[in-house]
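By convention here, the first residue in the shown sequence is residue 1. For ligands, and for the atoms within them, numbers begin at 1 and follow the listed sequence.
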Amino acid sequence: MLLLLIHHKLFLLLLVTVFVSSCGTTTTKPPRLVTKLIHSDSIISPYRNPSVTISQHVRSDMKSSMARYEYLKSRTKLHSSSMDDVRGGLIPEAGAPAFLVNFSIGQPPVPQLAVMDTGSSLLWVQCLPCIHCFHNLNPIFDPYKSSTYDNLTCESPYCVLDPYRDNCDYERNCSYSYGYVDGTTTSGDLGKEELTFTISDEGTITIPDTVFGCGHENHVNYNILPISGVLGLGDNRKLSLVSHLGSKFSYCIGNISDPRYEYNQLIIGDGAKIEGYSTPMEVFDGQYYLTLEGISVGEKRLEINQMTFKRDPSGGGGLIIDSGTTYIHLVRDGFDPLDTEVQNLIGGLLQRVDDRTNQERLCFKGSVNRDLIGFPVVTFHFADGADLELDVEAMFKQEGNVFCMGVVPTSFPEPSMIGIRAQQYYNVAYDLIAKKVYFQRIDCELLED
Ligand SMILES: *[C@@H]1O[C@H](CO)[C@@H](O)[C@H](O)[C@H]1NC(C)=O
Ligand SMILES: *[C@@H]1O[C@H](CO)[C@@H](O)[C@H](O)[C@H]1NC(C)=O
Ligand SMILES: *[C@@H]1O[C@H](CO)[C@@H](O)[C@H](O)[C@H]1NC(C)=O
Ligand SMILES: *[C@@H]1O[C@H](CO)[C@@H](O)[C@H](O)[C@H]1NC(C)=O
């Protein structure tokens with residue numbers, strides 16, 4: 001119902017006006033930001049090498065999931081808080097689905113395409129003058145040509161990423177430096193700008209005074225996606241757009257195998273779709289941890305000790321939910337019973353094949369659509385009764401004439417992870433104040449109006 005209202009131009013204008021005009025006087029509700037998530041495959045086609053075969057595509061998909069996983073793993077072992085600040089999530093490699101957000105920055109507005117990432121907190125875009133900028137489609141943002149740009153000094157409370165923060169001379173610019181495990185780095189000045197999002201065919205919404213990284217030196221390891229930055233949805237109170245807008249967000253991802261699926265969306269702020277069953281969430285080292293209590297295959301609850309997915313006091317183990325990881329990664333004590341059950345169900349019927357990217361990934365010759373008709377739903381049970389139900393499409397991935405289980409093993413003290421495949425056909429909401437994550441199984445199309 002509220003979503004319906006947002007499409008009404010008048011209501012929108014009213015909302016924006018109220019917010020902008022009352023800025024700096026009384027507190028008002030932040031604006032509601034509903035934006036389309038663009039499937040990366042829907043726009044990389046002009047850049048994509050058409051000769052890349054399906055197995056190459058699959059391999060980079062797997063590699064990407066593993067790389068991000070390796071990174072998050074190393075990160076959870078790091079307990080130096082200074083390191084945490086300069087490390088974020090990861091931009092997926094070619095083949096892994098990424099979800100992009102289209103918005104404009106500055107006045108006059110300059111369009112940007114940024115990767116959504118729950119694993120990092122900073123919003124940054126490439127900025128002129130470039131010490132080094134990578135190729136992107138849109139013109140690069142020039143802060144000097146924007147009437148709304150404001151840079152932050154090192155004395156600003158938002159200046160938390162400055163490597164030289166301890167030597168803050170009066171009015172020195174706030175610099176930042178941020179790195180991602182795939183080798184992507186960005187550094188420049190932290191500034192404040194106006195962001196403009198298109199929220200429906202009729203309207204836009206403007207968010208003033210957003211802290212962002214104006215990146216003058218940016219490197220990406222690969223440049224498949226025509227992106228110009230990263231939109232971090234992590235929980236850094238000082239930095240993130242999420243905390244600027246009310247500490248809530250939700251996203252709905254439909255069929256990730258379908259680049260043309262139009263209804264993937266992200267909502268930041270009070271308009272977030274906080275619906276469905278909730279489960280407690282804990283932020284540790286900037287990651288969102290959940291309590292996984294068990295797994296069922298059909299009606300059968302697997303024998304898994306409740307402690308299996310618990311994070312221990314030293315920070316090892318636990319289970320992270322993440323938008324940038326592709327697959328599910330489970331510690332052995334959780335993986336093995338699931339692996340065994342799946343083998344029991346289909347091992348006698350189909351031929352198992354070796355997977356070169358990961359020896360332990362369960363792969364069979366055959367077709368998900370033809371050979372897995374009637375395969376039971378796999379349910380991940382989270383604390384307080386929230387379930388994530390995986391149908392065959394979420395559990396298995398067709399790779400040519402072979403299909404593989406989208407779950408891979410790991411060992412303690414590495415964390416387990418719930419990646420984006422498992423979140424298909426769900427609206428997933430994060431309430432950073434109540435410290436809850438909500439799951440609602442839904443066709444994202446139904447959220448539109
Ligand atoms: C992003 O938004 C701009 C302005 O609304 C539009 O011209 C452009 O086509 C959009 N880009 C994509 C990839 O959707
Ligand atoms: C940023 O701040 C510095 C120092 O306060 C100032 O000299 C400079 O002009 C500012 N840059 C922009 C683009 O406003
Ligand atoms: C601050 O940043 C602006 C814009 O990047 C730059 O022109 C200016 O020289 C910087 N000021 C200082 C004091 O470093
Ligand atoms: C998801 O998209 C793929 C590729 O377009 C398609 O083959 C599959 O049938 C879709 N699944 C559903 C449930 O619509």
Quiz item: Hey, what do you get for C130 versus C133: SG atoms under 2.5 Å apart or not?
Solution: yes
Quiz item: Just by distance, do the side chain of D189 and the backbone of G191 share a donor-acceptor pair under 3.5 Å?
Solution: no
Practice problem: Look at the aromatic rings of F99 and H39 and report parallel, tilted or perpendicular, splitting at 30° and 60°. | Solution: perpendicular
Under 3.5 Å, which donor-acceptor pairs link side chains of residues 374-388 to any protein atom two or more places apart or in another chain?
residue : atom : partner : partner atom : Å
H381    : ND1  : D387    : OD1          : 3.0
H381    : NE2  : S296    : OG           : 2.6

Practice problem: With a 4.0 angstrom cut-off on heavy atoms, strictly below it, pick out the residues next to ligand 4 and order them by chain and number. | Solution: N255, S257, D258, E393, Y425
Self-check item: Nearest heavy-atom neighbours spanning P109 and S104
Solution: CB-CB, 3.5 Å
Exercise. Verify whether the ring centers belonging to Y251 and Y430 lie closer than 6.0 Å.
Key: yes
Quiz item: Which bit of I38 is near ligand 1, meaning a heavy atom under 4.0 Å away: side chain, backbone, both or neither?
Solution: side chain
